[in-house]
Amino acid sequence: MLSRVADSIYWMSRYIERAENVARFIDVTLHMIPDMPAGSIPQWQPLIDTTGDAPRFKEKYGVATPEAVIQFLTCDAEYPNSIRSCLKAARENARSVREVISSEMWERINRFYLIVESPTFDEYCQRDPQDLFAMVKMTSHEFFGVTDATMTHNEGWHFGRLGQLLERADKTSRILDVKYFLLLPTAADVGTTMDDIQWAAVLRSASAFEMYRKRYGRMEPERIVEFLLLDREFPRAIQWCLMTARQSLHAISGTPTDMFRTPLEQWLGQVCSELAYADVDEIIGSGLHEYLDNLQTRINQIGGGIRDTFFANKEPGGRPPGKVAAHA
Amino acid sequence: MRFADYDAGPFFDEMFERGNLPRPDARALAAFIDSLPPGELAQRQTAAERALLHMGITFNVYGDGAGTERIFPFDLVPRIVSAAEWTVIERGLKQRIRALNQFIDDLYHRQQIVKDGVFPLELLTSATSYRQACAGMTPPRGIWCHITGTDLVRDASGQVYVLEDNLRCPSGVSYVLQNRQVIKRTFPQLFASSRIRPVDDYPGRLRDMLEHLGPADTGQPRVVVLTPGPYNSAYFEHSFLAQQMGVELVEGRDLLVADGFVWMRTTKGNQKVDVIYRRLDDDFLDPTVFRKDSMLGVPGLFEVYKNGHVALANAPGTGIADDKAVYRYVPEIIKYYLGEDIVLPNVPTFLCDDPTERQHVLSNLKDLVVKATNESGGYGMLIGPRSSAAEREEFARRIQASPRNYIAQPTLSLSRVPTIIDGRFEGRHVDLRPYILYGEEIFVMPGGLTRVALREGSLVVNSSQGGGSKDTWVLATDDAAAAAPPPAAVARVAMSQSQGQG
């Protein structure tokens, strides 16, 4: 398939998944507020920290008030990771490949885009953010559901899934990182002062609360970290995301799954193996934040590898037709 | 909404005869619309427009800020063409395309028609759309104009004329196909009972025609559609046609020239391309041959084409037959190459290049339509009866400065079709653009794009100038509509059901 088309499908999926996760971040904070003890101050700054774009926020808005945070993360047309910008970027990408994706996929994105670009959108974000976030999440689910049900599971579909799952792995790690950082200043506090309600909110922001309950029952921070980081069956757990992304990568390249032929396949395989043999107590003992930081860096590296391997075919002479790139 | 209040006016109305009587072929349609409960038609109109918006069936408006998209307004009342009339139109279009193709081929070879004094040399040497680079070339299968959209109009007398030939990159066919889908959903019962000739096979025929241009030695040629990109006004159509044909939609940056062939960059290395349906003007195709500043084309493409290693549709250089001064000579061209009289007449045309005709044009600007010879899309046009004195002075200046660039025609009183305007039927002027494919044989799509000037009294139907569109129903002849045999009875396997429930 055309490199440009693969690139667009990959980013279309990433941006939809990103919009969904931004909605999840904000939604969880909104849910925590009514349950907080009287006199405590709602925490909006961690949301901004989660994005990695705190300096940018501070410069434009200053203090993290609820209105400012919601404006920044949902409607701000200048901020490239706001829900509005994500939808716009997803739609631009979809528009450039609409002959490759199914009409149903295109229509799902386009209808949502028309809402986001309507003149009343800003007002709607402030008036009923929870309704908006529910809609963003549902649109994303519908989009990926329609994708699975109407698009041939060919190379293009695998590029979409690769983008979606790398994005989701990254965002789950950020949810875990900031919340853990906020709620557990030191490792010694583990299991002592935890507020079940706040941990439940963390799980809910990854749609993981119900599934966690079925798996472990009691609210225990180590088990929650284990569930979101290392579970092999829960579809928002980082391990599941990366394992499944790896299947798509190998389906695209044709490399047998127990081998690697490119640095990209090597990197993703190594991360998956490490997660498969990881122990959650060791991770927490040596610093969850450092562990997640490292994980995010490696996910970014894998994203760069995808670009270099598949999208950036720029040599004027071109590679010999039909020959698969073999670097390793 | 009722047709009882409809006023066909002093025009030729495509649906009604004098005295507000539906034409025989339109009776079922008129009766059906009149039978709808009040408000129903308006509701279906709104639903149809919303569907077009959600499906993103839009065009981009130039000079209106980047990325402004609008739907092409669609009117539910179709335009009906009788079987007998269509037979003449089809014959006329095939004749015209066959002759024009020979004309183009001649101009790039011996120029016999000029030597024989039938077509003036000055018009050829002054034509900006003549491509010197194509001289001596014979495109694959000898075909230059693979895809043509010819604009037809009807005047007050009922006569159908050819108004314009569009042989470069005619657009609009995607709207024909989408309009038909919307109409089928909107009037399913009516559609099923009428004998309307299908248009849905166009993408399949387009693909067959393009594959026909591929090299004989490869199995299945690789066909691509080349688009200038998502910001082009017709991008929706490019992507729709690629999708419907099941071929890749490429931009210039997806292609490269190496080892004498054209390749596209894919995730698995480069793959050879055999046939390019290019929706890009000649000027932008190849910066090494045509416009140097083109960022949209593919450097080296023309050389590969000249060596016969890739086919381009339409062939570069075809635009010469699109020149509005050439149009004036089409009756002579048909006579010269085919020895036949023209079937579908031209609109009488004055060449401003000719001193006598120019004088006539300049003294009658108020009654004439003046067109630039190399413009399309309704740009660079003066409609005399609707113009101001200042506009006429401006055009008189332009004509005197560069007479070769202008032609003039009498202002035709275009036919009208009832159109839904503010909850009632009003007559609006229309034209018709059928699409013609020239492959192994010449195929004329039964129907085409009926464009309608939505502004009251307006004669300009272009989408960029406030035009909309309608579905076009070409009716089948009785023998063509012979009932298909009923499906044979076959045993069916029942669906499995859950056990132990209910």
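In the text below, chain A, chain B and the rest are named by the order of the sequence lines, each starting its count at 1. Heavy atoms only: backbone and side chains are in, while hydrogens, waters and symmetry mates are out.
- B/V225 does not touch chain A: none of its heavy atoms, backbone or side chain, sits under 4.5 Å away.
- With a 4.5 angstrom heavy-atom cutoff, A/I306 does not touch chain B via any of its atoms.
- Within 6.0 Å of NZ in B/K306 there are 12 or fewer heavy atoms belonging to other residues, nucleotides or ligands.
- Residues B/Q243 and A/S103 form a side-chain contact, since some pair of their non-hydrogen atoms from C-beta on lies under 4.5 Å apart.
- When heavy atoms are compared at a cutoff of 4.5 Å, A/L114 approaches chain B solely by way of its side chain, counted from C-beta outward.
- Using modelled atom types, no side-chain atom of A/R4 and backbone atom of B/R253 make a donor-acceptor pair closer than 3.5 Å.
- Here the OG1 atom belonging to B/T267 is positioned 12.0 Å from the NE2 atom belonging to A/H158, to the nearest 0.5 angstrom.
- Within 6.0 Å of CD on A/E78 lie no more than 12 heavy atoms contributed by other residues, nucleotides or ligands.
- Using a 4.5 Å cut-off between heavy atoms, B/L53 touches chain A through backbone and side chain atoms alike.
- Listed for the A/R95 side chain is a donor-acceptor partner under 3.5 Å among the backbone atoms of B/P230.
- Within the model, atoms CZ of A/R98 and NE2 of B/H238 stand 12.5 Å from one another, a figure rounded to the nearest 0.5 Å.
- Between the NE2 atom of B/H54 and the CZ atom of A/R111 there is a distance of 4.5 Å, given to the nearest 0.5 Å.
- Proximity to chain A (any heavy atom under 4.5 Å) is shown, for B/Q244, by neither the backbone nor the side chain.
- Under the 3.5 Å distance criterion, the side-chain polar atoms of A/S3 are matched with a main-chain donor or acceptor of B/T266.
- A/N110 places none of its side-chain heavy atoms less than 4.5 Å from the side chain of B/M55.
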